[in-house]
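What follows is a single structure, written as structure tokens, with notes after it.
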Amino acid sequence: MITKLLALDTSTTCTGYAVYLQGAYVSSGLIKESDKDANARLDKMIVAIYRTIKDVEPDVIVLENEVIGGSRVTVMLSKLVGAIRGWAVGHGISYYELDPAQWRSLIGVQAPGIKREKYKEIVQEYVVKNIVNKEFEKDDESDAIAIGQAYINFFKKE
């Protein structure tokens, strides 16, 4: 069983994170950066995420696999995900990416015909009902919690 898991819902402005210990939710929060210059903001977000990884000292990092596309936002997110993967590989930390439909399926909320914005509500309701009853400032935090739980559920099935 996993000792310590760090789940991330990555964004260049507000990344959600969740910490699990021995398969149980421990804590979660947001990492925010607001620099108007996209490259400077990306660099600051990478440093802030590295600081979080160093503080948490996870055995496993899991995050949502970004959908491939050609937009500037997708390119920036790809760089952020690459930086996190680089940290994990360089420090001997297991690293996993889950596609959105995959992690939603693993927590039992994936269904045909539902739009992305509606999933934000559904996932937040799932997290509040099943993991931690709290108010969320942004869906990035509840998504990170759900991604972590999905990863744990995947290994419970084996």
Side-chain angles (χ1 to χ4, degrees), residues 1-36 38 40-67 71 73-74 76-77 80-81 83-84 87-88 93 95-157:
M1 182 63 174
I2 301 163
T3 302
K4 193 180 282 185
L5 167 79
L6 174 63
L8 298 166
D9 181 41
T10 56
S11 165
T12 61
T13 57
C14 186
T15 291
Y17 70 90
V19 178
Y20 286 80
L21 185 60
Q22 296 299 95
Y25 170 84
V26 174
S27 63
S28 58
L30 298 171
I31 304 166
K32 298 180 186 178
E33 291 300 333
S34 60
D35 198 305
K36 296 212 184 287
R41 186 176 64 247
L42 175 63
D43 290 348
K44 289 176 181 178
M45 182 59 78
I46 290 169
V47 169
I49 290 172
Y50 283 180
R51 192 174 316 116
T52 300
I53 295 170
K54 190 174 178 184
D55 290 347
V56 171
E57 297 180 330
D59 299 301
V60 176
I61 297 172
V62 62
L63 52 98
E64 182 177 76
N65 188 15
E66 297 302 327
V67 178
S71 74
V73 171
T74 303
M76 298 299 277
L77 283 172
L80 181 61
V81 168
I84 296 166
W87 175 279
I93 300 170
Y95 173 87
Y96 295 89
E97 290 182 23
L98 298 171
D99 291 329
Q102 183 183 18
W103 69 258
R104 289 190 300 246
S105 179
L106 285 164
I107 63 168
V109 300
Q110 180 68 25
I114 297 176
K115 302 265 188 227
R116 182 178 184 270
E117 288 308 311
K118 182 64 177 170
Y119 271 123
K120 298 292 184 183
E121 287 177 34
I122 292 169
V123 168
Q124 198 165 89
E125 288 172 15
Y126 168 87
V127 168
V128 168
K129 183 177 177 185
N130 297 291
I131 301 171
V132 59
N133 186 7
K134 71 179 260 185
E135 293 281 324
F136 293 101
E137 179 184 341
K138 295 188 59 91
D139 57 60
D140 303 280
E141 184 177 355
S142 55
D143 282 1
I145 295 168
I147 291 166
Q149 187 62 53
Y151 178 86
I152 290 164
N153 290 352
F154 177 76
F155 284 100
K156 280 183 180 176
K157 291 181 177 184

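In this chain, residues are counted from 1 in sequence order. Atoms considered below: every heavy atom in the structure, side chains included; atoms not considered: hydrogens, waters and symmetry mates.
- The closest donor-acceptor contact from the side chain of Lys4 to the backbone of Val56 lies under 3.5 Å.
- The side-chain hydrogen bond (donor to acceptor under 3.5 Å, both in side chains) search around Glu125 returns none, not counting sequence neighbours.
- The closest side-chain heavy-atom distance from Leu80 to Ile49 is below 4.5 Å.
- For Lys138, the salt bridge (Lys or Arg N to Asp or Glu O under 4.0 Å) criterion is met by no residue, not counting sequence neighbours.
- Looking at heavy atoms from C-beta onward, Met45 lies in side-chain contact with Ile31 at the 4.5 angstrom threshold.
- The shortest non-hydrogen separation linking Glu97 to Val81 is OE2-CG1, 3.4 Å.
- In terms of the side chain to side chain contact (heavy atoms under 4.5 Å, CB included) criterion, residue partners of Gln110 (sequence neighbours excluded) are, by chain and number, Ala101, Arg104, Ser105, Tyr119.
- To the nearest 0.5 angstrom, Asp143 atom CG is 4.0 Å from Lys120 atom NZ.
- In this structure, Tyr25 and Gln149 have side chains that are not in contact, with every pair of non-hydrogen atoms separated by 4.5 Å or more.
- We find the CE-OG1 distance between Met76 and Thr12 to be 6.0 Å, quoted to the nearest 0.5 Å.
- Residues Val62 and Gly148 share a closest heavy-atom pair of CG1-CA, 4.4 Å.
- Shown here for Ser142 and Gln124, the closest heavy-atom pair between the two residues is OG-NE2, 3.4 Å.
- Closest heavy-atom contact between Ala144 and Ala7: O-CB, 3.2 Å.
- Here Leu77 contributes atom CG and Asn65 contributes atom CG; the two are 11.5 Å apart, rounded to the nearest 0.5 Å.
- Residue pairs meeting the salt bridge (Lys or Arg N to Asp or Glu O under 4.0 Å) criterion with at least one partner in residues 17-29, sequence neighbours excluded, are absent.
- Put simply, the side chain of Val123 does not reach to within 4.5 Å of the side chain of Asp139, judged on heavy atoms.
- Remark: Asp9 pairs with no residue by the salt bridge (Lys or Arg N to Asp or Glu O under 4.0 Å) rule, at least two apart or across chains.
- Judged as a ring pair (Phe, Tyr, Trp, His ring centres under 6.0 Å), and not counting sequence neighbours, Tyr95 has no contacts.
- Remark: the backbone N or O of Ile145 is paired with a side-chain donor or acceptor of Tyr20 at under 3.5 angstrom.
- Scanning for side-chain hydrogen bond (donor to acceptor under 3.5 Å, both in side chains) contacts around Asp43 gives an empty result, with sequence neighbours left out.
- For Glu137, the salt bridge (Lys or Arg N to Asp or Glu O under 4.0 Å) partners at least two apart in sequence or on another chain are Lys32.
- In this structure, Leu8 and Thr52 have side chains that are not in contact, with every pair of non-hydrogen atoms separated by 4.5 Å or more.
- Taking CG of Leu5 as the reference point, atom CG of Asp59 lies at 9.0 Å (rounded to 0.5 Å).
- A ring pair (Phe, Tyr, Trp, His ring centres under 6.0 Å) check over residues 124-144, counting only residues at least two apart or in different chains, returns nothing.
- Annotation: side-chain hydrogen bond (donor to acceptor under 3.5 Å, both in side chains) contacts of Glu141 (sequence neighbours excluded): Ser28, Lys134.
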Would you check, one step at a time, whether the test side-chain contact (heavy atoms from CB on, under 4.5 Å) holds for Ile93 with Ile53?
CA-CA 10 Å; Ile93 300 170; Ile53 295 170; 4.2 Å; yes
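- In this structure, the side-chain hydrogen bond (donor to acceptor under 3.5 Å, both in side chains) partners of Glu121, at least two apart in sequence or on a different chain, are Lys118.
- Ring geometry, Tyr96 versus Phe155: the interplanar angle exceeds 60°, so the pair is classed perpendicular (tilted spans 30 to 60°).
- In this structure, the side chains of Thr13 and Arg41 come closer than 4.5 Å at one or more pairs of heavy atoms.
- For the pair Leu30 and Tyr17, the tightest heavy-atom approach, listed with the atom from each and the gap, is N-CE2, 3.6 Å.
- Remark: Cys14 SG to Asp140 CG distance equals 4.5 Å, nearest 0.5 Å.
- Under the rule for a side chain to side chain contact (heavy atoms under 4.5 Å, CB included), the partners of Arg51 that lie at least two apart in sequence or sit in another chain are Val47, Ala48, Asp55.
- Residues Ile107 and Asn153 form a side-chain contact, since some pair of their non-hydrogen atoms from C-beta on lies under 4.5 Å apart.
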